[in-house]
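These notes concern the structure reproduced below.
Excluded from the calculations below are hydrogen atoms, water molecules and symmetry mates; all remaining heavy atoms, backbone and side chain alike, are included. Position 1 is the first residue of the sequence, and the numbers go up from there.
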Amino acid sequence: QLVESGGGSVQPGGSLRLSCVASGVTLDHYAIGWFRQVPGKEREGVSCISSGADTTYYVDSVKGRFTISRDNAKNTVFLQMNDLKPEDTASYFCAADFNPWTAIRLCAQYPIGLIKSWGQGTQVTVSS
């Protein structure tokens, strides 16, 4: 089970830190990532990290603003979001397929609809 937290409402330019804690499974050997979705649009991979944190992926729109990290000892993955923009408003989901993939495979190459495990989502709203 994946459980996200840390969402909220902020003004443009603000920051949020999302957390995703896994229970019932050890994430050490698996890539994990963050996806987001707005109503009426397809879910997209925002940022993913490989099991050993040796590879990361960021969608172009968040490069330089978001940072993904993981603490395998705490079975947790984080997404630090800085300089938030209104277009970042979305529901953010943590997801893993329990495979030792690279970050880009999970986020941008593997069909999103086939990813095995999802959290319930946390809302991020950026508005003045």
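Hydrophobic clustering (ILVMFWY, side-chain heavy atoms < 4.5 Å, transitive): Val46 and Trp101 are in distinct clusters. Using a 4.5 Å cut-off between side-chain heavy atoms of Ile, Leu, Val, Met, Phe, Trp and Tyr, with links allowed through other members, Leu79 and Ile104 fall into the same hydrophobic cluster. Follow the hydrophobic side-chain contacts under 4.5 Å out from Leu16 and you reach Val62 in the same cluster. Taking hydrophobic clusters as Ile, Leu, Val, Met, Phe, Trp and Tyr residues chained together by side-chain heavy-atom distances below 4.5 Å, Leu84 shares a cluster with Val59.
Between the CD1 atom of Ile49 and the CD1 atom of Ile32 there is a distance of 9.5 Å, given to the nearest 0.5 Å. Atom CZ of Phe66 sits about 7.5 Å away from atom OG of Ser61, to the nearest 0.5 Å. Between atom SG of residue Cys48 and atom CH2 of residue Trp34 there is a gap of 11.0 Å, rounded to the nearest 0.5 Å. Rounding to the nearest 0.5 Å gives a distance of 8.0 Å between CD of Gln1 and CD of Gln120. From Ile68, atom CD1 reaches atom OH of Tyr58 across 6.5 Å, with rounding to the nearest 0.5 Å.
No donor-acceptor distance shorter than 3.5 angstrom exists from the side chain of Asn75 to the backbone of Ser23, with no hydrogens or angles considered. At least one donor-acceptor pair under 3.5 Å links the side chain of Ser47 to the backbone N or O of Tyr57. Although no hydrogens or angles enter the test, the distance criterion places a donor-acceptor pair under 3.5 Å between the side chain of Arg70 and the main chain of Ser50. Side-chain atoms of Glu4 come within 3.5 Å of backbone N or O of Gly121 as a donor-acceptor pair. With Asp97 contributing its side chain and Lys116 its backbone, the two residues share a donor-acceptor pair below 3.5 Å. Remark: side-chain polar atoms of Asp71 are not paired, donor with acceptor, to backbone N or O of Thr76 under 3.5 angstrom. A donor-acceptor pair is defined here as one N or O able to donate and one able to accept, closer than 3.5 Å; no such pair exists between the side chain of Thr122 and the backbone of Ser5. Side-chain atoms of Thr55 come within 3.5 Å of backbone N or O of Ala103 as a donor-acceptor pair.
Between Ser15 and Val10, the shortest heavy-atom contact is O-CG1, 3.9 Å. Nearest heavy-atom pair across Cys94 and Leu2 is O-CD1, 3.8 Å.
The shortest side-chain heavy-atom distance between Glu42 and Ile112 does not fall under the 4.5 Å cut-off. For the pair Arg65 and Met81, the minimum side-chain heavy-atom distance is 4.5 Å or more. Between Pro86 and Pro12 the shortest side-chain heavy-atom distance falls below 4.5 Å.
Remark: aromatic rings of Phe35 and Phe93 are distant, center separation not under 6.0 Å.
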Exercise. Hey, mind stepping through Thr89 and Gln123 against side-chain contact (heavy atoms from CB on, under 4.5 Å) and telling me if it holds?
Worked result: CA-CA 8 Å; Thr89 296; Gln123 179 67 32; 4.0 Å; yes
Exercise. Passes side-chain contact (heavy atoms from CB on, under 4.5 Å), Arg36 versus Val38? Steps please.
Worked result: CA-CA 7 Å; Arg36 67 186 178 188; Val38 297; over 6 Å; no
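Ring geometry for Phe98 against Tyr30 counts as perpendicular: the plane angle is over 60°, on a 0 to 90° scale with 30° as the lower cut.
With salt bridges taken as basic N to acidic carboxylate O contacts below 4.0 Å, one links Lys63 and Asp60.
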